[in-house]
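Small disclaimer: the values here were computed from a predicted structure and weren't measured. Values reported hereafter were calculated over all heavy atoms of this structure, with side chains retained and with hydrogens, waters and symmetry mates removed.
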Amino acid sequence: MTQGTVHGFDRRLPESEELRNNGVVKNVGEAHEELATGERSTRNRVARSILDHGPSTVAELAGRLGLTQAAVRRHLDALVADDVVEPREQRVYGARTRGRPAKVFALTDCGRDAFDQSYDKLAADALRWIQERFGGDEAVVAFARARIAEQATAYREAVQAAAPEDRTEALARALSADGYAATARSAPVGEQLCQHHCPVAHVAEKFPQLCEAETEIFSQLLGTHVQRLATIAHGDGVCTTFIPKISHNASASTAGRNPA
């Protein structure tokens, strides 16, 4: 998923196929496209209003945006289906009035990620500050290794619990639990570990030490030299790591070692 896009939220619909020399169909297609664009724009306004003002009722959103409550409900239904917002019970402070509290709609974590909140810039600025004040590239490498070593605790447990021939698959499942959408597949004379999402791709583009430290930890966990073939940070569609076939005895003797 690209930054600022969540499922169907703010995704441009494919252009209508246009029949040659048919003005009526063309006009109908253009009308549908304009309607779809307007729907996306209004839906984004609803989500943005919740971001700016916090959890909101249908009535509050309708008042702020100049829409009917029926229209707001329709857009909220679509945003809920796309996991951008979620309904909650409104918090009541002080004495509670009679009747059920009004339902409010709040952004999900996924919905918040659809808006640019400069987290990548903050992380890159922090790493640049470390680089400039604490030893240059070596300081960044030390940070990257410490970060992935802490993450790798769960990965190590998963790998050690698996049979030697299943360890790449076990690592892929552990990575997926951390948001990397990883898979393992067979390859000539080995396997490929594919990460279809990278939460730090924009930062790793400027600081490849993050990718290098991750590759090192994969090698330590799997007990063999691995080779990074592609990374999302460098513009590839997926991060791909090649794991050569090794003997099960060698794998068993090295997979449990902690990083130096």
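- Contact annotation: the side chain of Leu65 approaches that of Ser49 to within less than 4.5 Å [non-hydrogen atoms, C-beta and beyond].
- The closest donor-acceptor contact from the side chain of Ser176 to the backbone of Ala182 lies under 3.5 Å.
- Residues Gln227 and Thr241 fail the side-chain proximity criterion, which asks for heavy atoms closer than 4.5 Å.
- A donor-acceptor pair is defined here as one N or O able to donate and one able to accept, closer than 3.5 Å; such a pair exists between the side chain of Ser56 and the backbone of Gly54.
- Side-chain contact between Leu76 and Leu61: present, with at least one pair of heavy atoms (C-beta onward) separated by less than 4.5 Å.
- Taking the side-chain hydrogen bond (donor to acceptor under 3.5 Å, both in side chains) definition, one finds that Arg173 meets it with nothing, sequence neighbours left out.
- Scanning both residues, Ile232 and Ala201, for their nearest heavy atoms gives CG2-CB, 3.9 Å.
- If you chain together hydrophobic residues whose side chains sit under 4.5 Å apart, Val58 and Val84 fall into the same group.
- Salt-bridge formation is detected for the pair Asp125/Arg128: a Lys NZ or Arg NE/NH1/NH2 atom is positioned less than 4.0 Å from an Asp or Glu carboxylate oxygen.
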For Leu175 and Phe218: C-alpha separation, side-chain torsions, deciding distance, then whether side chain to side chain contact (heavy atoms under 4.5 Å, CB included) applies. CA-CA 11 Å; Leu175 286 165; Phe218 289 171; 3.8 Å; yes
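- Side-chain contact between Val200 and Cys198 is present, with at least one heavy-atom pair separated by less than 4.5 Å.
- Under a 4.0 Å N-O distance rule, the pair Arg228/Glu214 qualifies as a salt bridge.
- When atom types are taken as modelled, the side chain of Thr108 and the backbone of Asp83 share a donor-acceptor pair closer than 3.5 angstrom.
- Taken from CD in Glu191 to CD1 in Ile243, the straight-line distance is 6.0 Å, to the nearest 0.5 Å.
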Checking Gln192 against Leu229 for the side chain to side chain contact (heavy atoms under 4.5 Å, CB included) test, could you report, in this order, the C-alpha distance in whole Å, the side-chain angles of both residues, the deciding distance, and whether it holds? CA-CA 9 Å; Gln192 283 187 354; Leu229 303 178; 3.8 Å; yes
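- Under the 3.5 Å distance criterion, the side-chain polar atoms of Arg88 are left unmatched by any main-chain donor or acceptor of Phe105.
- Ion pairing of Arg145 with Glu216 is present here, as a side-chain N (NZ or NE/NH1/NH2) and a carboxylate O approach within less than 4.0 Å.
- Smallest separation of non-hydrogen atoms from Ile50 and Ala106: CG2-CA, 4.0 Å.
- Residue Arg43 comes nearest to Leu79 through the heavy atom pair CG-CD2, 3.3 Å, listed as atom of the first residue, atom of the second, then distance.
- Considering only heavy atoms from C-beta on, Val80 stays 4.5 Å or farther from Glu86 through its side chain.
- Counting heavy atoms from C-beta on, the side chains of His75 and Thr42 come closer than 4.5 Å.
- Using modelled atom types, one side-chain atom of Thr215 and one backbone atom of Cys211 make a donor-acceptor pair closer than 3.5 Å.
- Counted by atom type alone, Arg147 and Gln151 present one or more donor-acceptor pairs between their side chains at under 3.5 Å.
- Although no hydrogens or angles enter the test, the distance criterion places a donor-acceptor pair under 3.5 Å between the side chain of Ser219 and the main chain of Thr224.
- Pairs of residues two or more places apart, or lying in two chains, that qualify as ring-ring contact (aromatic ring centres under 6.0 Å, His included) and include a residue from residues 125-166 are Trp129-Phe134.
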